Amino acid sequence: MECCHEHKEDKEKYKSGAASAGAGGRYTCPMHPEVVKERPGMCPECGMNLLAQKTEDSEQKTGKHDKHAGHKTASFLQKFWIALVLSIPLFLYSPVFEALVGSTLPKFPGFPYLQILLGSVIFFYCGAIFLTSAWREMKARSPGMMTLIALAITTAYVWSVASVLLGRADTLFWELGSLIAIMLLGHWLEMRAVKGARGALKELAKLLPDEAEVERGGSTVIIPLQEIKEGDIVRVKPGARIPADGRVVEGESDVNESLVTGESKPVGKKKNDEVIAGTVNGDGSLRVAVLHVGEKTFLAGVARLVEEAQASKSRLQLLSDRAAFYLTIVAVVVGTATFGSWFMLGMGIAFATERLVAVLVIACPHALGLAVPLVASISTTKAAQNGLLIKQRSALEAARDIDTVLFDKTGTLTKGEFGVSAILPAPGRSEEDVLRVAASLNADSEHPLAHAMVEEWKRRGSTLSNVRDFARVPGKGARGIVDGKRVAIGNDALLAEENVKMPEEGARRVAELAREGKTVVHLTIDGSFAGSIALADIIREESRAAISALHDVGITTAMITGDSEEVAQWVARELGIDEHFARVLPGQKSERVKALQMKGNKVAFVGDGVNDAPALAQADLGIAIGAGTNVAIESAGIILVKSDPRDIPKIISLSRMTYRKMIQNLWWAAGYNIVAIPLAAGVLAYQGIVLQPAVAAVLMSVSTVIVAWNAMLLRKKTL
């Protein structure tokens, strides 16, 4: 069941498109002129390429068009039934019926003119969509499918009327009626398939609730979604959809973000965590401060990026568009040559006209024109649903050829923040005891290392001890009284200042950790050595799975970092990375990418920082971590919404699946025409094999439906 508000939103979108495109040109569908876009692409109704319209058109200046000019999917089915019913009497008096039953029905006075009447209704009413669409194609100087169909039915109609007026019996009214009926049915099936294939992105808009519960004037009121403002506090009940992007100010709950990020596991949310509009709240109640509304929301950004990607074209799509254009030219040339050849061979003008109509119909380039863009559109939408935002369609196409993935370490493979890596307690003490005392002493410190120890102790779910006389020791560490004991924690210099010596076994292990690039601090209690704590940039757990998955598909992995060689070696060894580059300055990252490319590698660079932008732009494929900076995101072709490196193998997998589907569709569309056009021209006519125009229409429609159906299979693939 379709919602009326959805149609209203679609109309508003089209109107706004027309208004904003007013001065700089617009793109409309030749078959659905109510569809107005600011950039080229595909019609969401039928999948046809949008045509550029001239700015001097009065429609263009006003942004208005005839409300009856557009044709919805249902109108094709209605006109099909009308054409079918009117074609029945034409069929009963056709040579085809006579050949089937061996006799003909008795004709009555005025019958030829009844044929003209029925044929005219079919041609001018049922076939009007093809005629007006062809006119729009010609105005845009982009002849295509509708031009060929219009030529075919006009030829059949004009010849048939002329035959009646000249007293001839060889009309093509039955062929005309059956041809238009089948074309209408075929387009109805195609449009349903295209809308089903492209409709997934529209589901994003449906994620938002119609109303929101907002705190206003000391009470809670329910208001329409469009009245929410930034700074409002909204209440989100268990099981409800979150109405706007915001930050949790009260409450805890698990939120299902699968429809916007692809993350199947519910994400825990607590105070100060951000939430996304359209996601589904779990069992808890939340109070959320609204941060973004309207076009600033995450969902709006996703939709905008997907639309931009769908408007851009890959090399394969450009090839497909060019081939469809040339096929239109070939169809006209071959059709004209076919007509002339059969006429000169003495087969009669009726037979020659019939062959011309069959060639024009069967050569319609819809299947070829739809083969690539529909697959690309589905893959772009599928990527967005899995948390992969494709900014440039060429980037997704490039991903299938990638053989080397170069990661920036910090913030990509690692979290970019310190965590406790190892605890080395002195004999007679436990790890928990060492960590508890260290965390208690550092509870009020702002130092990153101190914060890491406190967070690790909190993660273990225990309380901290009271601290007195806390004092920082600049460049060395900190001192204080914990549980009545004098405690100090810091580096080797502080250990020497405390005149405390580390046991030999502990010193050996600390040296090993230092060689791995880890930062080690030491704890003393009442002048005695209590233990050491090693800290390091935390490796993301998902990084290991990402590297393993890339290796499984034969892709080499590399890592780049400004850290020391020891740190780079340790991270590379932990993750199984094939090659690493250490002590690389920010400005040198793009040079490393170039060096790999000079070896003949197709390189994908994954980064998140401002200094990653040149490398992202230099790489064959730039992938930005979604949580990174705006500059990095602007320089990338693909954005990982979840900041999860495990999504990188998904990009490559989707790219390869998309390419296979495109090639399958191109082979089908091209192969079909290679076989069908000669048959329509009548190369086997002397063997009794003649392709009737109605049969040609069936084959053309079936070909297009098959292409759309094959593209839709991509939606069922799992990344």
Side-chain angles (χ1 to χ4, degrees), residues 254-268 276 279 298 302 305 379-391 395-396 398-417 419 537-561 571-580 602-609 612 616 619-628 632-633 636-658 714 717-719:
D254 290 332
V255 176
N256 184 346
E257 298 182 342
S258 59
L259 289 177
V260 292
T261 66
E263 177 60 63
S264 58
K265 184 180 178 182
V267 180
I276 301 172
T279 54
F298 174 82
V302 170
L305 280 175
S379 64
T380 304
T381 304
K382 187 177 182 68
Q385 292 173 323
N386 283 272
L388 315 172
L389 299 187
I390 311 298
K391 287 186 60 186
L396 182 60
R400 68 182 176 86
D401 295 323
I402 294 299
D403 54 34
T404 302
V405 176
L406 177 60
F407 292 90
D408 178 58
K409 178 186 78 72
T410 305
T412 304
L413 294 173
T414 66
K415 293 184 178 180
E417 58 187 47
D537 191 359
I538 304 170
I539 294 177
R540 296 175 183 267
E541 286 301 318
E542 53 269 27
S543 296
R544 291 181 174 83
I547 299 299
S548 177
L550 289 170
H551 285 161
D552 289 343
V553 293
I555 292 178
T556 300
T557 56
M559 181 188 72
I560 194 167
T561 179
V571 175
R573 185 171 61 250
E574 286 289 307
L575 296 177
I577 291 174
D578 301 308
E579 187 176 7
H580 66 271
K602 294 291 185 180
V603 182
F605 182 82
V606 187
D608 72 326
D612 294 332
L616 287 166
D620 298 283
L621 172 62
I623 303 174
I625 294 294
I633 289 173
I638 298 177
I639 302 165
L640 305 185
V641 174
K642 294 181 292 183
S643 302
D644 189 340
R646 289 176 298 183
D647 285 339
I648 295 169
K650 292 182 181 180
I651 294 172
I652 295 169
S653 174
L654 178 61
S655 176
R656 292 175 178 177
M657 287 191 293
T658 300
L714 183 61
K717 298 287 186 180
T718 302
L719 295 183

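For the numbers below, each heavy atom of this structure counts, side chains included, while hydrogens, waters and symmetry mates do not. Note that the structure is a prediction, hence the values are computed from the model and not measured.
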Chemist: Checking Glu574 now: which residues fulfil side chain to side chain contact (heavy atoms under 4.5 Å, CB included) with it, not counting sequence neighbours?
Modeler: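 Per chain and number, Glu574 pairs via side chain to side chain contact (heavy atoms under 4.5 Å, CB included) with Ile539, Arg544, Trp570.
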Chemist: What is the distance from atom CG of Leu654 to atom NZ of Lys717, rounded to the nearest 0.5 Å?
Modeler: 11.5 Å
Chemist: Pick out which of Val606, Ile623, Ile560 makes a side-chain contact (heavy atoms from CB on, under 4.5 Å) with Phe407.
Modeler: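 Single side-chain contact (heavy atoms from CB on, under 4.5 Å) partner of Phe407 among Val606, Ile623, Ile560: Val606.
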Chemist: What are the two closest heavy atoms between Lys415 and Asp537, and how far apart are they?
Modeler: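 The pair with the smallest heavy-atom distance is N-OD1, 3.8 Å.
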Chemist: With side-chain contact (heavy atoms from CB on, under 4.5 Å) as the test, would you mind laying out the steps for Arg656 and Val553 before giving the verdict?
Modeler: CA-CA 11 Å; Arg656 292 175 178 177; Val553 293; 4.0 Å; yes
Chemist: Closest approach of Glu542 and Pro645, non-hydrogen atoms and distance?
Modeler: CG-CD, 3.6 Å
Chemist: What pair of heavy atoms forms the shortest contact from Asp408 to Gly607, and how long is it?
Modeler: CB-CA, 4.1 Å
Chemist: For Leu388, is there any backbone N or O sitting under 3.5 Å from a side-chain donor or acceptor partner on Lys650?
Modeler: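 No, Lys650 side chain to Leu388 backbone: no donor-acceptor pair under 3.5 Å.
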Chemist: Are the side chain of Thr414 and the backbone of Lys409 linked by a donor-acceptor contact shorter than 3.5 Å?
Modeler: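 Pair found, side chain donor or acceptor close to backbone of Lys409.
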Chemist: In Å and rounded to the nearest 0.5 Å, what is the CG to CG distance from Leu616 to Leu621?
Modeler: 9.5 Å
Chemist: Which residues pass the side chain to side chain contact (heavy atoms under 4.5 Å, CB included) test with Ser655, sequence neighbours left out?
Modeler: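 Ser655: side chain to side chain contact (heavy atoms under 4.5 Å, CB included) contacts with Leu396, Ala399, Arg400.
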Chemist: Are His580 and Val571 packed together at the side-chain level, in the sense that at least one heavy-atom pair is separated by less than 4.5 angstrom?
Modeler: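 No - every pair of side-chain heavy atoms lies 4.5 Å or more apart.
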Chemist: The test is side-chain contact (heavy atoms from CB on, under 4.5 Å); show your working for Met657 and Leu714 and say whether it passes.
Modeler: CA-CA 8 Å; Met657 287 191 293; Leu714 183 61; 4.0 Å; yes
Chemist: Any donor-acceptor pair under 3.5 Å linking the side chain of Asp644 with the backbone of Arg646?
Modeler: yes
Chemist: Got a sec, which residues hit side chain to side chain donor-acceptor pair (under 3.5 Å) with Asp578, two or more places apart in sequence or on another chain?
Modeler: His551, Thr557
Chemist: Run the side chain to side chain contact (heavy atoms under 4.5 Å, CB included) test against Ala549 and tell me which residues pass, sequence neighbours left out.
Modeler: Pro649
Chemist: Could you please spell out the steps behind the side-chain contact (heavy atoms from CB on, under 4.5 Å) verdict for Ile651 and Ile402?
Modeler: CA-CA 10 Å; Ile651 294 172; Ile402 294 299; over 6 Å; no
Chemist: Looking only at heavy atoms, what is the nearest atom pair of Ser379 and Thr658, with distance?
Modeler: CB-OG1, 3.1 Å
Chemist: Please enumerate all residues that pass side chain to side chain contact (heavy atoms under 4.5 Å, CB included) together with Asp403, with sequence neighbours excluded.
Modeler: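 By the side chain to side chain contact (heavy atoms under 4.5 Å, CB included) rule, Asp403 matches Asn601, Lys602.
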Chemist: Quick check for you: to the nearest 0.5 Å, what is the distance between Thr412 atom OG1 and Leu406 atom CG?
Modeler: 10.0 Å
Chemist: Please find the pair of heavy atoms, one from Ile547 and one from Leu575, that lie closest to each other, and give the distance.
Modeler: CG2-O, 3.3 Å
